[in-house]
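Heads up: the structure comes next, in structure tokens.
In what follows, chains carry the letters A, B, and so on, assigned in the order in which the sequence lines appear, proteins first and then strands, with residues in each chain numbered from 1. Note that these values count all heavy atoms, side chains included, but never hydrogens, waters or copies made by symmetry.
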Amino acid sequence: MARKPSKPHPGARDKATAQALVRWFKANAREMPWRPRPLGIKRDPYVVLVSEIMLQQTQVSRVAPAFERFIARFPTIESLANAPEPDILALWSGLGYYRRAKMLHAAAQAVVSDHAGTMPSTSHALKGLPGVGAYTAAAVASLAFHEPTAMVDGNVTRVLLRFDARRAGASDPKAIAWARSRADALIRHAGPTPAPTLAGEALMELGATVCTPRSPRCDVCPLRTWCVARATGLTDTIPTPKRTKQTPTVRAVSIVLEDHAGRVAIETRPAKGMWASMVQAPTIEWADDSRDATDVAREALALGPSAKLRERERFTHQTTHRRFEFTVLTVRVTDRMKRSIERQRPGLSWATREAIAGMGVSSVQARVLLNGH
DNA sequence: AAGCCGGGGGG
DNA sequence: CCCCCAGGCTT
């Protein structure tokens, strides 16, 4: 009998896609300190946890050196659980979102106290750890235990929205939920273990290096023959843009107080909020733009007329929800002034720049205290 | 559902 | 230089 050209089997597109992903990944996976060779062997779950928490909101190039320092200093989950928080924050310096470091510490302590020091092996159990949400739980379960669960971050959501040409925002919770089930289904077509894990890693790598937010390199994409956005010219309009946010401006003055021995004054920020628990030069923030930084500083530290404040620099520092206008003042202090300032500013202490470089310091305070690292 | 948390890279 | 990005917790 005459056969019509066979219609593609449902799932055939997914199977071809998943296999193409694995092939492409084996040929194009970047070297990373946390990515052991050969690809597809089970990884140390503690090492995966550290690297994935660091990689939340942070780019690979920033994480790589910090990761190596961190693992060298805290090679096991017990060593991390037993460490003082300031030591952990010190190794998190410059990475931002410092609450992640506190929650990683809490997660290590939870593994030691609630799981006898052994990392949980399922994404469901992992989600019970502090700081471990759907993405990180899937990453540890997939990379360390070969659970066939897809890691869905912003990159993967973008790849899949384009692949199926769904017009949605990449941070829309509904779109993320859809992408999770879509990715799970897709990677399970890749073949027997560890193929689903490799396909999942491939989706992440593809989003990071090829299916980028702007100017995606569709010409070299392993999914180009099946991608609906490419076929319909929608690549540049998916994901849909999110509305922009207005950020208030905050003025800040940091005072670099230096004594005769070359030590400078430092204090620790509150345990919650911006730059939580990080070390800084005495810093005052205010919103009223009519006030002068030098006046604010003089008043806050109760500096007398003999204290010579010099303005070293002004710069702006943008964060997600605030725009800071920093003024940096320097002043040499006598022993008499030190005692007066210490009474005015409880919790203040004195340290050499060398010592401060080994503490938890934000990027902006590294600029203030250490001339930028 | 919306807001909070840093920092760097790309156009 | 402005614009963009994004996981998990808290409210």
Side-chain angles (χ1 to χ4, degrees), chain A residues 48-66 89 92-107 110 123 126-140 150-159 161 168-177 179-180 183 204 207-217 236-250 252 269-280 285 315-324 326 360-368 372-373:
Chain A
V48 176
L49 180 69
V50 171
S51 59
E52 292 300 336
I53 299 279
M54 274 193 185
L55 285 162
Q56 292 171 2
Q57 273 55 23
T58 310
Q59 295 195 322
V60 167
S61 60
R62 295 287 304 165
V63 167
L89 293 175
W92 216 268
S93 291
L95 291 177
Y97 290 97
Y98 298 97
R99 194 173 53 158
R100 293 180 298 170
K102 293 168 176 253
M103 287 193 291
L104 176 59
H105 192 200
S123 55
L126 286 157
K127 247 180 285 189
L129 298 174
V132 178
Y135 165 78
T136 308
V140 176
M151 310 161 261
V152 175
D153 66 355
N155 286 324
V156 174
T157 302
R158 180 178 60 255
V159 169
L161 287 174
S171 52
D172 171 5
K174 285 205 189 79
I176 294 168
R180 263 198 258 288
M204 310 251 304
T209 63
V210 174
C211 194
T212 48
R214 282 167 299 185
S215 309
R217 301 161 56 212
D236 292 335
T237 54
I238 298 174
T240 55
K242 60 180 99 173
R243 68 186 184 291
T244 55
K245 61 285 169 191
Q246 191 79 355
T247 57
T249 296
V250 176
R269 293 183 60 92
K272 290 181 189 295
M274 201 75 168
W275 298 303
S277 302
M278 300 300 276
V279 166
Q280 65 178 10
E285 295 169 18
F315 60 88
T316 63
H317 182 84
Q318 185 78 45
T319 69
T320 305
H321 292 94
R322 268 173 279 187
R323 177 190 144 87
F324 288 90
F326 263 88
V361 182
S362 67
S363 272
V364 67
Q365 287 294 325
R367 176 173 181 162
V368 169
H373 270 314

Tabulate atom names and distances for all N/O pairs under 3.5 angstrom spanning the protein and nucleotides 8-11 of chain B.
residue: B:dG8; atom: OP1; partner: A:Arg62; partner atom: NH1; Å: 3.4
residue: B:dG8; atom: OP1; partner: A:Arg62; partner atom: NH2; Å: 2.8

Sub-3.5 Å pairs of nitrogen or oxygen atoms, protein against nucleotides 9-11 of chain C:
residue: C:dC9; atom: OP1; partner: A:Gly131; partner atom: N; Å: 2.8

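A sub-4.0 Å separation between OP1 or OP2 of C:dA6 and a side-chain N or O of A:Tyr97 is absent. Considering only side-chain N and O atoms, A:Trp92 lies nowhere under 4.0 angstrom from the phosphate OP1 or OP2 of B:dG6.
With both ends at atom P, the span from C:dC3 to B:dG6 equals 23 Å, rounded to whole Å. Using P as the reference atom, B:dG11 and C:dA6 are 14 Å apart when rounded to the nearest Å.
In this structure, A:Ser171 reaches neither bases nor backbone, as no heavy-atom distance under 4.0 Å exists between it and the strands shown. Residue A:Arg323 is out of contact with every strand shown, counting any heavy-atom pair closer than 4.0 Å. Within 4.0 Å of A:Thr212, counting heavy atoms only, lies no atom of the nucleic acid at all.
With hydrogens and angles ignored, a donor-acceptor pair closer than 3.5 Å exists between the side chain of A:Thr320 and the base of B:dG6.
Contacts of A:Thr247 classified as side-chain contact (heavy atoms from CB on, under 4.5 Å), with partners at least two apart in sequence or in another chain: A:Lys245, A:Gln318, A:Arg323. Judged as a salt bridge (Lys or Arg N to Asp or Glu O under 4.0 Å), and not counting sequence neighbours, the contacts of A:Arg269 are A:Glu285. Listed by chain and residue number, A:Ile88, A:Leu89, A:Trp92 satisfy the side-chain contact (heavy atoms from CB on, under 4.5 Å) test with A:Ala101 (two or more places apart in sequence, or in another chain). Looking at residues two or more places apart in sequence or on another chain, you find a side chain to side chain donor-acceptor pair (under 3.5 Å) between A:Thr58 and A:Arg100. Here A:Ala208 pairs with A:Arg30, A:Asn155 under the side-chain contact (heavy atoms from CB on, under 4.5 Å) rule; sequence neighbours left out. In this view, A:Gln59 and A:Ser61 satisfy the side-chain contact (heavy atoms from CB on, under 4.5 Å) rule, not counting sequence neighbours. Under the rule for a salt bridge (Lys or Arg N to Asp or Glu O under 4.0 Å), A:Arg62 has no partner lying at least two apart in sequence or in another chain.
For A:Tyr98, counting side-chain heavy atoms from C-beta on, the closest listed nucleotide (C:dG7, C:dA6, B:dG6) is B:dG6.
Along DNA chain B, the nucleotide nearest A:Lys174 and the nucleotide nearest A:Gly273 are compared for position; the residue whose nucleotide lies closer to the 5' end is A:Lys174. Along DNA chain B, the nucleotide nearest A:Ala276 and the nucleotide nearest A:Pro173 are compared for position; the residue whose nucleotide lies closer to the 5' end is A:Pro173.
Aromatic ring orientation, A:His317 versus A:Trp275: tilted (interplanar angle from 30° to 60°).
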Taking only distance into account, with no hydrogens and no angle test, what donor-acceptor pairs under 3.5 Å do side-chain atoms of residues 170-177 of chain A form with protein atoms, sequence neighbours excluded?
residue: A:Asp172; atom: OD1; partner: A:Lys174; partner atom: N; Å: 2.9

Under 3.5 Å, sequence neighbours excluded: what are the donor-acceptor pairs made by side chains of residues 126-137 of chain A?
residue: A:Tyr135; atom: OH; partner: A:Glu52; partner atom: OE1; Å: 2.5
residue: A:Thr136; atom: OG1; partner: A:Gln56; partner atom: NE2; Å: 2.8

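When each of A:Leu49, A:Leu55, A:Val50 is checked for a side chain to side chain contact (heavy atoms under 4.5 Å, CB included) with A:Ile53, only A:Leu49 meets the rule.
Nucleotide C:dG7 holds its C1' atom 15 Å from the CG atom of A:Asp172, rounded to whole Å. Rounded to whole angstrom, the span from the CZ atom of A:Arg322 across to the C1' atom of B:dG3 amounts to 12 Å. Atom CZ in A:Phe315 sits roughly 16 Å away from atom P in B:dG6 (whole-Å rounding).
Within the 4.5 Å cutoff, no side-chain heavy atoms of A:Gln280 are placed close to those of A:Ser362.
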Reading 5' to 3' and counting Watson-Crick or G-U wobble pairs with both distances under 3.5 Å, write the dot-bracket notation for DNA chain B, | for bases paired outside the strand. |||||.|||||

